[in-house]
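Note that the structure is a prediction, hence the values are computed from the model and not measured. Counting convention: from 1, in listed order, for ligands and their atoms alike.
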Amino acid sequence: MSTPTFHGLSILGHSLFAENPTEPATPNTRDAFRATNPATGHPLEPAFYSATPAQLDRAATLAAEAALPFAATSCAQRAALLRAIADHLEAAKVPIVERAHLETALPLPRLNGEMARTTGQLRLFAELLEEGSWVDARIDSAQPDRAPLPRPDLRSMLRPIGPVAVFGASNFPLAFSVAGGDTAAALAAACPVLVKAHPAHPGTSELVAHAIRAAITESHLPAGIFALLFDSGIDIGQALVQHPDLRAVAFTGSAVAGQALMRLAANRPVPIPCYAEMGSVNPVFLLPAAILQRPEAIARSLAASFTLGSGQFCTKPGLVFVPEDAPQAFLDTLDHAIASLAAQPMLTHAIARRFAEHIEQRLQSNLADRIVEAKAVQANADPAIPTGTAAPIVFAVSLDRFLATPALEEEIFGPTTLLIRYRDPAQLIAAARHLHGHLTATLHTASEDLPLAATLLPILETRVGRVLFNGYPTGVEVARSMVHGGPFPATSDSRSTSVGTAAILRFLRPVCYQDVPDSILPPELQKANPLQIDRLVNGQRSRATA
Ligand code: NAP
C-alpha cells in the first residue's frame, strides 16, 4: 500500500496554516482528532487539527480577495482548471482511494467508481463552460426611436455569487466531498470555495485538497479560490456560514444539521442562500399489474437497491407501496434475497448507532411489523455482531396506519425499507397526495397500469425532483438533465439540483447591463458575440451579432 504524506492541517490558499507567520508553528494538540477505521473501530494516523476562528477568517479573506479576479477569468481558463483537478485526482487515485477505503469502509470497487464519477463530473462542467449558453445571455437591443419612450440597450447574464461554503458529505467521500459536485459547480461558476471537511474522512479530504491546490497553482489562478478547513466539531462550520465574506452554502447530510445551517444562513445580518440536501425516503409505487407480472424480478431489484452501500444513500427506496394481495412470490423472493446478506460496516460508528436506535424504536413502538425472518436480521439483535455494522431489515404496515403515523415517513439511514400495503388504486392516490417532499418517486408499471400511472404522475411531480419508471432511484446519473433535489424537507430549495450541470445555477445571479459600452461588457454580451454562444436576442435564440 502506498503511504502518502499528511500534514493534518487546514489549507488556506496555498498555505498550510502552520506556514502562515501569523499562526503558531505547532498546532494546538487540544484540537487534534483522528479518523476511525469503521471496519475495525481503530483510530487511523495521523492526527488532524481543527481550524481556529483566525484561520477561518484568513481563508474567507483570501477568498473574498480572489473573488473579483476569479470572476474575471474566462470560461476556457476555468474549464482548464477543472480538467487539471481531474488529472491530478487521477494521478493520485491509488492513495486517495486506499485512504478513503480505510476511513469509510466502502469497498474499493465502489470508491474507484466514485473517483471516476468525480473526475467525470469535473470534466462535464468543463464542457458546460465551453458550450457557453449556461450564462443565459439575453439581449434587448436599443430602440432609440420607440414612442412614447426610447428603449435602452439591455443585456443580462448570470454572474458568480461570490465565495461559497461547501460541507463534505460522509457517504460520498469523493463525489460529494472536497472535489465533489458542489465544488465543481462553484468553481465552474467562478466562485471561490471554502470546504469544511467531513471529520469522518480527513485524510481523503487532505489528499483531494492537494490535488486541487496543485491544479490551481498550475493554472496560475489566485490561491484564495480554494481552502480546506478541518474541524472535529461544528464550530467552524457554523462560523463559516455566518462569515460576512461568504455568499452561499452547499450542504449534504442530515436534516438536523441542514436545517441548523439554513437557520444560520437566514438569520445573518446579510442572509445568504443555503442549499441543503438533507435526505429523503424515496417512495416506490408497485402498481397492481406490474407486481402480478414480475413479482420476483421486482423483489430482487428492490432488495439490491435498499441494501446497496448498506442503505447509506439519500436515494435509497425507503417506502414501498405494495398491493395487499401481492403475490406470495414477491415476499418470498425479498426474504430470500436478504437472508444471505451479512451485516455490513457503516460509514461511522455514530451512523451505525443511530441506525440501531431507529430500528429498535420501530420494533418497540409496534408501529410497523418486522416481516423478514432472515438470518441477517436476527443478527441485529445479536450482541456478537461487530459494533459499527448494520444488517438489512424490512418492515410492513397498512396504508391506513402509514397515513396516521407521520414518523413512518422519516428517513432511517441504513439498510431498511418499509412496505406499505394498499387496498386499491384510490388509496394509492391518497397516499401520493399525503407525501411530503422527497428526492425521487418510482413507479413500477405494466401496460395495464398506465392509466393509474398517468393519474399519479402529476401528483408525484409536485412532491419530488425526479420521477422514475421501472427502475430504482439509487445510482444518480451525473448529466445535464439530472435533478437531484426536491421539495422540503428533502432539500432547502426545491428549485435547485445538487447533481448535474444545472447545479451551477445555485451559485449564480443575474445582472443586467444597461447601455454599457460594448468594449467593457463581458464577452458573452458583446455585439460581435466573440465566444459564438447561443443567446436570446430580441426574443429569438441566435448566435448572430447583436
Ligand atoms: P451530518 O450529521 O449532517 O453532518 C454533516 C456535516 O455537517 C459534518 O461535517 C458535521 O460536522 C456538520 N454538522 C452537523 N451538525 C451541524 C450543525 N448543527 N452545525 C454545523 N455543522 C454541523 O451528517 P453525517 O455525519 O454524515 O451523518 C449523520 C446522518 O446524516 C446520517 O445518519 C444520515 O441520517 C444523514 N445523512 C444524509 C445524507 C444525505 O444524502 N442526505 C448523507 C449523509 C448522511 P460533525 O460531524 O463534526 O458534527
Within 4.0 Å of some non-hydrogen atom of A260, the atoms of ligand 1 are 18 (N)
Carefully, step by step, assess K196 and V166 under the rule side-chain contact (heavy atoms from CB on, under 4.5 Å). CA-CA 6 Å; K196 193 271 184 180; V166 169; over 6 Å; no
Less than 6.0 Å separating the ring centroids of H7 and H210? yes
Provide, to 0.1 Å, the distance between atom 26 (O) of ligand 1 and the closest protein heavy atom, together with that atom's residue and name. S170 OG, 2.4 Å
For G279, the ligand 1 atoms whose distance to one of its heavy atoms is below 4.0 Å: 41 (N)
Identify the closest protein heavy atom to atom 33 (C) of ligand 1: which residue and atom is it, and at what distance? F413 CG, 3.2 Å
Pair L460-L443, side-chain contact (heavy atoms from CB on, under 4.5 Å): steps then yes or no: CA-CA 10 Å; L460 292 176; L443 296 164; 4.0 Å; yes
Would you check whether A197 has a nitrogen or oxygen atom less than 3.5 angstrom from a nitrogen or oxygen atom of ligand 1? no
Could you tell me which atoms of ligand 1, counted from 1 in the order shown, lie closer than 4.0 angstrom to a heavy atom of N171? 40 (O), 42 (C), 43 (C)
Which residue and heavy atom of the protein sit nearest atom 24 (P) of ligand 1, plus the separation: H198 NE2, 3.5 Å
For F251, take its heavy atoms, then give the atoms of ligand 1 lying under 4.0 Å from any of them. 3 (O), 5 (C), 6 (C), 7 (O)
Quick note on ligand 1: atoms under 4.0 Å from a heavy atom of S232 include exactly 47 (O)
Verify side-chain contact (heavy atoms from CB on, under 4.5 Å) between L44 and T36, making sure each step is shown before the conclusion. CA-CA 6 Å; L44 290 164; T36 301; over 6 Å; no
Can you list the steps and then say if H201 with S177 is a side-chain hydrogen bond (donor to acceptor under 3.5 Å, both in side chains)? CA-CA 10 Å; H201 54 257; S177 209; 2.9 Å; yes
Spacing of CZ belonging to F306 relative to OG1 belonging to T315, to within rounding of 0.5 Å: 14.0 Å
contact_flag F313 ligand 1 heavy-atom lt 4.0 Å: no
Would you say the ring centroid of F33 lies under 6.0 angstrom from that of Y49? no
Short N or O distance, G253 and ligand 1, threshold 3.5 Å exclusive: yes
Can you pull out the closest protein heavy atom to atom 47 (O) of ligand 1? Residue, atom name and distance to 0.1 Å, please. G233 O, 3.2 Å
Paired with R495, the side chain to side chain donor-acceptor pair (under 3.5 Å) test is passed by just one of T497, D493, T491, namely D493
In Å and rounded to the nearest 0.5 Å, what is the OG1 to CZ distance from T118 to R123? 11.0 Å
Do E360 and Q364 get their side chains close enough for a donor-acceptor pair, meaning under 3.5 Å? yes
Below 4.0 angstrom from a heavy atom of I351, which ligand 1 atoms are there? Numbered from 1 as shown, please. 27 (O), 32 (O)
Flag T252 as yes when one of its N or O atoms lies below 3.5 Å from any N or O atom of ligand 1, and as no otherwise. no
Report the nearest protein non-hydrogen atom to atom 22 (C) of ligand 1: residue, atom name, distance rounded to 0.1 Å. I234 CG2, 3.4 Å
Closest protein heavy atom (residue, atom, distance) for atom 45 (P) of ligand 1: P199 CG, 3.8 Å
About how many Å separate CD1 of I236 and OG1 of T52, when rounded to the nearest 0.5 Å? 6.5 Å
Which of the ligand 1 atoms, numbered from 1, are nearer than 4.0 Å to a heavy atom of Q238: 17 (C), 18 (N), 19 (N), 20 (C)
Heavy-atom nearest neighbour of atom 15 (N) of ligand 1 within options A257, A490, A350: A257
Locate the shortest heavy-atom distance separating S365 from R362; write the atom from each residue and the value. OG-O, 3.0 Å
Check: of M346, E277, K196, M278, min heavy-atom distance to atom 11 (O) of ligand 1 comes from K196
Is ligand 1 under 4.0 Å from a heavy atom in the side chain of F355, in the backbone, in both, or in neither? neither
L261 contact mode with ligand 1 (heavy-atom cut-off under 4.0 Å): side chain
Assess the pair F172 and F313: is the distance between their ring centroids shorter than 6.0 Å? yes
So, R506 and D182, do they make that salt bridge, N to O below 4.0 Å? yes
Considering only heavy atoms, which of K316, R354, Q312 lies nearest to atom 32 (O) of ligand 1? R354
Just wondering, are more than 12 heavy atoms of other shown residues or ligands nearer than 6.0 Å to CZ in R268? yes
Looking only at heavy atoms, is any part of A169 under 4.0 Å from ligand 1, and if so is it the side chain, the backbone, or both, or is it neither? neither
What part of A255, side chain, backbone, both or neither, has a heavy atom within less than 4.0 angstrom of ligand 1? neither
Could you check which of A352, G414, C314 puts a non-hydrogen atom nearest to atom 39 (C) of ligand 1? C314
Carefully, step by step, assess L439 and V464 under the rule side-chain contact (heavy atoms from CB on, under 4.5 Å). CA-CA 5 Å; L439 294 171; V464 304; over 6 Å; no
Pairs of nitrogen or oxygen atoms closer than 3.5 Å, one from D231 and one from ligand 1: do any exist? no
Identify, for atom 23 (O) of ligand 1, the protein heavy atom at the shortest distance, and state residue, atom and that distance. S254 N, 3.9 Å
